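Remarks on the structure that follows.
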Amino acid sequence: MRLIECVPNFSEGADLDIIDKITNKISSIKNIELLDVDPGKDTNRTVVTFIGPPEDVIEAAFQGIKIAATLIDMKKHSGEHPRMGATDVCPLIPISEVSMDECIAYSKKLAKKVAKELSIPVYLYEESAANKYRKNLSDIRKGEYEGFEEKIKSQEWTPDYGDAIFNIRSGVTAIGARNF
């Protein structure tokens with residue numbers, strides 16, 4: 001069976017109602033199995049882990065990013081963990097009968113949809129990165145949410161998908177393919 005794991009990190013770790021709305025939306029997609037939900041109050045971040053067939057994982061990830069964008073206002077966010085968006089990062093991990101190259105293609109499909117339909121600028125990272133200096137997530141995150149309004153205007157940090165216009169409510173998101 002073809003399986004991908006997805007581990008999005010959402011910038012909310014205290015409000016269980018918001019976390020439940022996000023995870024309920026993800027788990028409502030057919031063939032998706034929610035494996036773990038790990039909220040952190042101090043970091044104000046929740047790491048969600050789910051698995052399923054590639055197309056269903058892409059839809060579940062998109063729906064999670066979409067609802068997070070409506071529920072999390074980054075202008076009001078604070079926490080100990082570095083962050084740059086309502087959905088800070090969304091990695092895809094090949095698990096069974098899916099190659100890394102396929103995961104890269106799926107990450108680009110998701111990134112394009114997020115940018116086009118939600119107006120959230122997206123940076124590709126890890127194995128999906130087109131530029132070496134964007135491979136490491138901490139390099140992309142440098143300056144965090146507060147610094148991205150200026151950072152996104154520089155030619156070096158033009159998003160891989162979406163316009164170079166900072167989304168003040170949702171910030172920016174990093175999407176990519178990586179190993180376990």
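Note that these values count all heavy atoms, side chains included, but never hydrogens, waters or copies made by symmetry. Residue indices begin at 1 and follow the sequence shown. The shown structure was predicted, so the numbers you read here are calculated from the model rather than taken from an experiment.
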Between [atom1] on residue [X] and [atom2] on residue [Y], distance to nearest 0.5 Å:
| X | Y | atom1 | atom2 | result |
| --- | --- | --- | --- | --- |
| Thr23 | Phe10 | OG1 | CZ | 9.0 Å |
| Asp160 | Leu124 | CG | CG | 4.0 Å |
| Lys25 | Leu71 | NZ | CG | 10.5 Å |
| Lys75 | Arg169 | NZ | CZ | 6.0 Å |
| Thr173 | Leu110 | OG1 | CG | 9.0 Å |
| Met100 | Ile93 | CE | CD1 | 8.5 Å |

Hey, is [atom1] on [X] packed in by over 12 heavy atoms from elsewhere, all under 6.0 Å?
| X | atom1 | result |
| --- | --- | --- |
| Lys30 | NZ | no |
| Lys113 | NZ | yes |
| Lys112 | NZ | no |

- [ ] Decide salt bridge (charged side-chain N to carboxylate O under 4.0 Å, His left out) for Asp139 and Arg134; before the verdict, give the C-alpha distance in whole Å, the side-chain angles of both, and the deciding distance to 0.1 Å.
- [x] CA-CA 6 Å; Asp139 292 334; Arg134 293 187 182 189; over 6 Å; no

Task: Stepwise salt bridge (charged side-chain N to carboxylate O under 4.0 Å, His left out) test for Lys66 and Glu117 - done: CA-CA 9 Å; Lys66 182 178 180 180; Glu117 294 184 28; over 6 Å; no

Which pair of heavy atoms, one from [X] and one from [Y], lies closest together, and at what distance?
| X | Y | value |
| --- | --- | --- |
| Gly40 | Thr43 | O-OG1, 3.3 Å |
| Ser170 | Ala69 | OG-CB, 3.4 Å |
| Ala60 | Ile32 | CB-CG1, 3.8 Å |

Determine, using the 4.5 Å side-chain heavy-atom cutoff (strictly less than), whether [X] and [Y] are members of one ILVMFWY cluster.
| X | Y | answer |
| --- | --- | --- |
| Met1 | Phe50 | no |
| Val89 | Ile18 | yes |
| Phe166 | Val114 | yes |
| Ile95 | Tyr106 | no |
| Phe180 | Ile4 | no |

Would you mind checking if [Y] and [X] are paired as a salt bridge, meaning a charged N to carboxylate O distance below 4.0 Å?
| X | Y | answer |
| --- | --- | --- |
| Glu55 | Lys109 | yes |
| Glu12 | Lys41 | no |
| Glu156 | Lys151 | no |

Note, [X] side chain near [Y] side chain (heavy atom, < 4.5 Å):
| X | Y | answer |
| --- | --- | --- |
| Ile152 | Tyr123 | yes |
| Tyr145 | Ile168 | yes |
| Val57 | Leu92 | yes |
| Lys116 | Tyr161 | no |
| Gln63 | Ile26 | no |
| Ile140 | Phe148 | yes |
| Leu35 | Glu5 | yes |
| Pro121 | Asn167 | yes |

Any donor-acceptor pair under 3.5 Å linking the side chain of [X] with the backbone of [Y]?
| X | Y | result |
| --- | --- | --- |
| Asp88 | Met84 | yes |
| His77 | Ser11 | yes |
| Glu144 | Arg83 | yes |
| Asn44 | Gly13 | yes |

Open item on the list: Would Thr46 and Val37 count as a side-chain contact (heavy atoms from CB on, under 4.5 Å) here? Give the steps.
Closed with: CA-CA 7 Å; Thr46 297; Val37 179; 3.8 Å; yes

- [ ] Could you go through the side-chain contact (heavy atoms from CB on, under 4.5 Å) check for Glu126 and Asn136 one step at a time?
- [x] CA-CA 6 Å; Glu126 285 288 335; Asn136 188 308; over 6 Å; no

TODO: Can you spot which of Val7, Leu34, Asp36 makes a side chain to side chain contact (heavy atoms under 4.5 Å, CB included) with Val48?
DONE: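 The option that passes is Leu34.
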
Task: Any side-chain donor near an acceptor of the partner, Asp101 and Ser99, under 3.5 Å - done: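 No, because no side-chain N or O of Asp101 sits under 3.5 Å from a partner of the opposite role on Ser99.
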
TODO: Evaluate the criterion side-chain contact (heavy atoms from CB on, under 4.5 Å) for residue pair Val172 and Val122; output intermediate values, then yes/no.
DONE: CA-CA 6 Å; Val172 303; Val122 178; over 6 Å; no

- [ ] Show the numbers, then the answer: is there a side-chain contact (heavy atoms from CB on, under 4.5 Å) between Cys103 and Val98?
- [x] CA-CA 7 Å; Cys103 257; Val98 179; 4.2 Å; yes

